[in-house]
Undergrad: 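Have a look at this one before I ask anything.
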Amino acid sequence: MQDQPMTGYESQVQALIGTLPGTDDLRAQALEAFEAEGFPTAKTEDWRYSDIRALRKQVYGLAAPAETLPVLPEPLGAVSARFVFVNGHYDEDQSDLGDLWQTVQIRPLANHFMANAERANELVRGDDAISYLNTALLRDGLVLSVPAGVVIDAPIEVLHMMTGAEGAATHIRHVVELGEGAKATVVERFLGDETGYWTNALFQARVAEGASLSHIRVQEEGANALHTAKAYVNIDAEGSYTSVGLSVGGKTARFEAHVRLLGEEACAVVDGVALAASGQSHDTFSHVSHTVPAATSDQIFRTIADSRGKTSFAGKVTVAKDAQKTEADQSFKALVFDKTAEANAKPELEIFADDVKCSHGATVGELDAKAIYYLTSRGIDPATARQMLVAAFTAAALERVPAEDVKAAMADRIDAWMTARSVKAVA
Amino acid sequence: MSMLKIKDLHVSVADKEIVKGLDLEIKAGEVHAIMGLNGAGKSTLANTIAGRDDYTVTKGTIEFEGKDLLALEPHERVGEGIFLGFQYPVEIPGVSNLNFLRTALNSVRRYRGLEDMSAAEFMKLVRAKAAELKMDPDMLKRFVNVGFSGGEKKRNEMVQMSVLDPKLAVLDETDSGLDIDALRTVAEGINAQRRDDTAILLITHYQRLLSYVQPDVVHVMIDGRIVKSGGKELALELEEKGYADVA
């Protein structure tokens with residue numbers, strides 16, 4: 001059964017040979033690595049919580065451009081630019097570069113490699129079948145280079161929309177580089193219709209000395225979608241990377257953050273909220289690697305699983321022998337709404353230095369019945385009471401979203417998710 | 001007409017009968033006190049009036065202004081005009097006192113068919129109430145009861161009562177854990193709530209609070225029943241002779 005999907009992807013790669021300068025060898029290597037590795041199975045340790053049987057049952061074709069353009073939602077807040085990808089294809093008409101192009105090098109990946117074929121060598125190849133496949137089949141994405149010292153205040157929104165793409169996939173790739181002391185926020189949004197598509201997104205970033213990158217992800221894929229996303233981030237001295245995610249959509253969704261702290265006093269934050277309704281699975285895997293002394297990392301995850309929903313968090317922190325004075329914290333808290341809801345936590349610390357401060361905590365519980373009673377005894381109806389408690393529960397994980405309007409929009413989505421739960425409970 | 005009318009009330013908690021046939025009538029304008037030892041069923045009675053869902057009424061009725069109170073959810077009872085001051089107020093991390101109070105007040109207003117109160121009007125009201133009850137305004141911004149001392153929690157209960165302005169306030173051991181200054185402030189809060197159109201039910205171990213809030217009727221509760229009722233002098237008698245002798 002494994003063989004058949006593999007063959008299908010080979011012909012897709014063949015069809016892309018010659019389409020993007022500099023990428024042909026890369027595709028061939030990635031395809032080889034993909035075929036050697038094969039998709040994860042239920043037995044693959046790092047994937048044990050995700051149901052990705054769909055990947056072994058069918059070959060996802062490459063999503064064609066949309067026949068009719070969907071109506072796009074408004075940006076989540078004030079933006080300095082907006083890039084729209086429909087079915088994985090850059091949509092120039094619906095994108096808005098604002099004034100950004102004057103200070104920042106920013107363009108679709110395809111155009112970028114047309115101009116600088118050699119830069120294809122900087123593309124991350126991946127570390128498992130899914131990321132290898134992203135590399136083998138990449139077609140489009142965003143390349144953003146912020147020069148040293150340039151500060152972009154309002155977020156850059158990158159909107160992914162999938163429509164009419166039953167059985168099809170997009171292997172999108174974004175490349176972000178921040179020069180020394182630069183600052184930017186990228187808000188990635190994932191949306192789609194009810195078809196059974198696959199979004200396979202890869203985000204790679206380099207944060208130079210003293211630079212600061214915020215990477216916000218709002219995942220609201222369609223109900224039958226498979227969503228796999230990875231971020232590979234390298235941070236130099238005194239640089240910081242802040243990832244805050246909200247995972248609500250899709251049938252099976254997984255986000256991986258692979259963050260390497262490469263310079264002293266570099267800082268990595270990987271926070272997130274995941275909300276799993278019936279039949280949904282949200283899986284987060286993070287690996288933060290402390291390779292030098294005096295870097296810090298902090299991770300706050302809050303997840304909620306309704307009946308027959310599943311959330312999982314696996315957080316790995318490795319501290320190299322020389323990485324003294326490392327500070328690494330990890331806090332995972334899950335709520336489950338009943339006995340059929342599932343929450344998994346797997347903290348993993350590999351520490352080879354002796355002078356470090358590392359901590360992790362994981363709890364799974366239900367909403368506090370005493371608190372609900374207290375709120376209702378002040379006239380607040382039970383649905384609102386639960387909504388307030390959930391907002392309070394998730395607040396810490398959204399706290400580090402730098403743009404207040406984006407943070408509020410994310411909190412609104414959590415409220416809306418709770419409202420949908422209470423309506424369902426009454427019906 | 002009675003505001004609250006309880007007839008032959010039996011309440012079980014985890015299949016154990018705690019309230020065993022209790023009758024009580026409270027009219028508008030009255031302050032009643034229920035006194036009794038630990039385990040007499042006082043808190044169970046208070047929480048049954050408020051509608052706590054793990055307390056099961058096995059027999060009897062509670063009417064509030066002629067309505068069947070037991071048919072209503074806890075939040076609806078608040079809308080009708082009932083308030084329970086908790087013996088142990090609950091800490092709610094992540095929810096600010098202000099957000100809590102505003103959501104509560106507007107929930108009650110909506111239940112009564114009123115518009116939400118504007119943010120400015122609400123702030124004015126809450127600041128005034130906090131000042132009356134000598135609560136540090138900074139505590140309004142803090143998370144509900146988190147890190148509050150015992151006295152601060154009870155003061156916070158009084159602020160909530162005063163903002164929601166109930167017809168019937170049931171105050172469960174509001175006096176416990178208070179030093180004398182806090183007790184006076186809380187008593188002033190209770191007295192401010194005492195009007196011709198409101199009623200108050202005080203639940204307490206001790207006579208202490210009753211020297212500041214003079215009750216019209218005092219009831220003695222033992223083993224799930226009211227065994228004796230009288231005027232305010234009954235409280236003093238209890239303090240002097242103990243429950244065994246009086247009952």
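Quick caveat, the model's predicted, so the values are computed rather than measured. Each chain gets a letter, A, B and so on, in the order the sequences are listed, and its residues count up from 1.
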Undergrad: Would the number of heavy atoms belonging to other residues, nucleotides or ligands and lying under 6.0 Å from CZ of B:F148 be above 12?
TA: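 It does: B:F148 CZ has more than 12 such atoms within range.
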
Undergrad: In terms of relative ring orientation, are B:F86 and A:Y373 parallel, tilted or perpendicular, with 30° and 60° separating the classes?
TA: tilted

Undergrad: Is B:P166 close to chain A through its backbone or its side chain, or both, or neither, when contacts mean heavy atoms under 4.5 Å?
TA: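 For B:P166, neither part sits under 4.5 Å from chain A.
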
Undergrad: Between B:N47 and chain A, which part of the residue has a heavy atom less than 4.5 Å away: side chain, backbone, both or neither?
TA: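 B:N47 touches chain A through backbone and side-chain heavy atoms alike.
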
Undergrad: Determine whether the aromatic ring centres of A:Y374 and B:F100 lie less than 6.0 Å apart.
TA: yes

Undergrad: Determine whether A:M388 and B:N99 make a side-chain contact, defined as any pair of heavy atoms from C-beta on separated by less than 4.5 Å.
TA: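 Yes; the side chains approach each other to less than 4.5 Å.
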
Undergrad: Which atom names give the shortest non-hydrogen contact between B:V78 and A:T376, and what distance separates them?
TA: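 So the two residues come closest at CG2-O, 3.7 Å.
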
Undergrad: Would you indicate whether B:D15, at its atom CG, is surrounded by more than 12 heavy atoms from other residues, nucleotides or ligands within a distance under 6.0 Å?
TA: no

Undergrad: Count the heavy atoms belonging to other residues, nucleotides or ligands that lie under 6.0 Å from NZ of A:K407, then report whether that count exceeds 12.
TA: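 Counting neighbours around NZ of A:K407, more than 12 heavy atoms of other residues, nucleotides or ligands fall under 6.0 Å, so yes.
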
Undergrad: So what's closer than 4.5 Å to chain A heavy atoms on B:V144: side chain, backbone, both or neither?
TA: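 Answer is side chain: those atoms of B:V144 sit under 4.5 Å from chain A.
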
Undergrad: Could you tell me whether B:D196 atom CG has more than 12 heavy atoms of other residues or ligands within 6.0 Å of it?
TA: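 Result for CG/B:D196: open.
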
Undergrad: Can you tell which of A:A391, A:A369, A:A392, A:G379 has the highest number of heavy-atom pairs within less than 4.5 Å of chain B?
TA: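 Top count of heavy-atom pairs under 4.5 Å with chain B: A:G379.
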
Undergrad: Short question: side chain of A:R378, backbone of B:L84 - any donor-acceptor pair under 3.5 Å?
TA: yes

Undergrad: Find the distance between CG (A:D381) and NE2 (B:H75) and round it off to the nearest 0.5 Å.
TA: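 So the gap between those two atoms works out to 5.0 Å.
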
Undergrad: Where does A:T394 contact chain B at under 4.5 Å (heavy atoms): side chain, backbone, both or neither?
TA: neither

Undergrad: If you count heavy-atom pairs within less than 4.5 Å of chain B, which of A:A395, A:A385, A:S377 leads?
TA: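 Greatest number of close heavy-atom pairs with chain B: A:S377.
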
Undergrad: Taking B:L164, B:V108, B:V95, B:T103 one by one, which has the highest count of heavy-atom pairs under 4.5 Å against chain A?
TA: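 Of B:L164, B:V108, B:V95, B:T103, B:T103 has the most heavy-atom pairs under 4.5 Å with chain A.
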
Undergrad: Distance check, rounded to the nearest 0.5 Å: A:L375 atom CG versus B:I92 atom CD1?
TA: 4.0 Å

Undergrad: Flag the pair B:E91 and A:K370 as a salt bridge only when some basic side-chain nitrogen lies within less than 4.0 angstrom of an acidic carboxylate oxygen.
TA: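 Here B:E91 does not pair with A:K370 in a salt bridge, since their nearest N and O are not under 4.0 Å apart.
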
Undergrad: Step through the shown structure and confirm whether more than 12 heavy atoms of other residues, nucleotides or ligands are within 6.0 Å of CZ on B:R127.
TA: no

